[in-house]
Amino acid sequence: MRSPGALLTVMAAATLLLTACGSERASSANAGAGPAGGASTTRVDDPGKDGVRITSLTLPAASPSPTRRTSVSADALPRDGDSGISATFDVTNHGTKTLTYSINFTFMSSDGGAMSGQSATVRDVGPGRTVRGTVRAGQLPPSTPRITRVKVLDVTKVPAGEAPAQPGTCPASGIRVSADRGDAAMGLRIVGLHLDNCGARDYTVDGYPELELLDDDLDPVGGIRILHGSGGITTGAGPDEQPRRVLLKPGESARASLVWRNTTEAGTPVDVPHVRVRAKTGAAPVTVTPHLDLGTTGKLGVRPWVKAER
């Protein structure tokens, strides 16, 4: 279970788009058309994680095959662009619902050190379908040790119809809901919820977002009190705003916050990977993945919507 601050600090989003049926292919914004001239591609026998598995690793011609326990050293790579290191992967949906996958990858050196963290989103993978994609290591500093392998770090799945909108796009509702990576200090956790009016009409919220806590199987998590305001969690996060009506004109945004502590005392710690968010009663749900490590506190605070400053 990770806290919001525990992800690798170097993450580059690669959005993957579904294109066909059966054994399908996905392309990413930073994926190349294939190995560059002279590049070496090695098949990978990877058991995978949560339906995602690495199938091959591509390295520039600057080094021998990684099967001989050598690989690319950054000082042999171009200084002005992509390292040329990439991996292909398969995403297979073994479930019964169409899902959107968020995947974190780690490109690693021979001693297991993480050299480059990358992320990808694979949307609308139907039941029983397999989607193939590519993730690149990106630019690497000259001092980077040799990279020899890539690993699936973690996988998050949400119902495709409830996935946060792709960056730069606007849902049919005209309202975009998302969560940030949050902040963690001295056991106190705060994750921001963001509401953007990307449509053509005014949009009004009044008070608090509606929340539903979900487990890894997207089933409701019981036994957690959702408190209005953060006063029942901490006094160290500043005073709560009073709930009020917020009118958002096209292009305007609002924010709210989830606040909790990960204190662990007597009992079984509770982790909540997913939160289903409705901006207001009757709004379309959006499932975000803040990974709430609630410990044994049994409670989560939510602050009301307030208009975000431009």
Side-chain angles (χ1 to χ4, degrees), residues 1-2 6-8 10-32 34-35 39-59 65-67 69 71-72 83 85-138 147-160 162-163 214-219 271 273-274 287 289 291:
M1 185 69 211
R2 66 180 186 276
L7 292 176
L8 295 171
V10 184
M11 305 296 286
T15 303
L16 300 160
L17 305 176
L18 186 65
T19 58
C21 299
S23 180
E24 298 153 287
R25 289 187 176 273
S27 61
S28 69
N30 64 347
S40 172
T41 298
T42 302
R43 293 185 63 83
V44 176
D45 185 14
D46 177 27
K49 183 173 186 177
D50 295 333
V52 181
R53 67 184 188 93
I54 306 297
T55 58
S56 69
L57 177 65
T58 296
L59 303 170
S65 166
T67 57
R69 299 183 181 276
S71 185
V72 175
S83 64
I85 301 172
S86 65
T88 59
F89 61 92
D90 283 353
V91 179
T92 302
N93 183 351
H94 298 290
T96 59
K97 300 177 181 179
T98 300
L99 300 173
T100 287
Y101 291 72
S102 297
I103 312 159
N104 291 320
F105 301 89
T106 304
F107 287 82
M108 306 173 71
S109 60
S110 59
D111 63 1
M115 299 296 106
S116 174
Q118 304 293 338
S119 64
T121 299
V122 185
R123 295 180 177 271
D124 302 332
V125 184
R129 304 298 178 115
T130 295
V131 173
R132 295 184 182 132
T134 301
V135 61
R136 306 189 73 90
I147 288 178
T148 61
R149 59 195 177 104
V150 61
K151 175 182 177 181
V152 178
L153 187 62
D154 57 59
V155 180
T156 302
K157 300 170 282 188
V158 302
E162 298 180 12
L214 306 174
D215 63 16
D216 284 319
D217 296 321
L218 300 171
D219 293 325
D271 293 329
H274 306 88
T287 298
T289 54
H291 297 275

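This structure is a prediction, so every number in the text was calculated from the model and none was measured. All heavy atoms count here, side chains included; hydrogens, waters and symmetry mates do not. The chain is numbered in sequence order, starting from 1.
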Seminar exercise, completed: Residue set satisfying salt bridge (charged side-chain N to carboxylate O under 4.0 Å, His left out) with Asp90, at least two apart, ordered chain then number -> Arg53, Arg132
For this session: Kindly compute the distance separating CG (Asp46) from OG (Ser56), expressed to the nearest 0.5 Å.
Result: 11.0 Å
Seminar exercise, completed: Nearest heavy-atom contact between Leu153 and Lys49 is O-NZ, 2.7 Å
Exercise. Does the His274 side chain pair with the main chain of Lys157, one donor and one acceptor, at a distance under 3.5 Å?
Worked result: yes
Exercise. If you draw a 6.0 Å radius around CG in Asp111, do more than 12 non-hydrogen atoms from other residues or ligands fall strictly inside?
Worked result: yes
Exercise. What's the spacing between Met115 CE and Thr148 OG1 if we round to 0.5 Å?
Worked result: 9.5 Å
For this session: Check whether any side-chain heavy atom of Thr156 sits under 4.5 Å from a side-chain heavy atom of His291, and report yes or no.
Result: yes
Problem set entry | Val125 to Asn93 - nearest heavy-atom pair and separation | O-ND2, 2.8 Å
Problem set entry | Rounded distance (nearest 0.5 Å) linking atom CG of Leu57 with atom OG of Ser86 | 7.5 Å
Exercise. Considering residues at least two apart in sequence or located in another chain, which fulfil the side chain to side chain contact (heavy atoms under 4.5 Å, CB included) criterion with Asp217?
Worked result: Asp215, Asp219
Seminar exercise, completed: One should read off an interatomic distance between His94 NE2 and Asp50 CG, to the nearest 0.5 angstrom, of 9.5 Å
Exercise. To the nearest 0.5 Å, how far apart are CD1 in Ile54 and CZ in Phe105?
Worked result: 5.0 Å
Seminar exercise, completed: When rounded to the nearest 0.5 Å, the distance separating OG1 of Thr42 from CZ of Arg149 is 14.5 Å
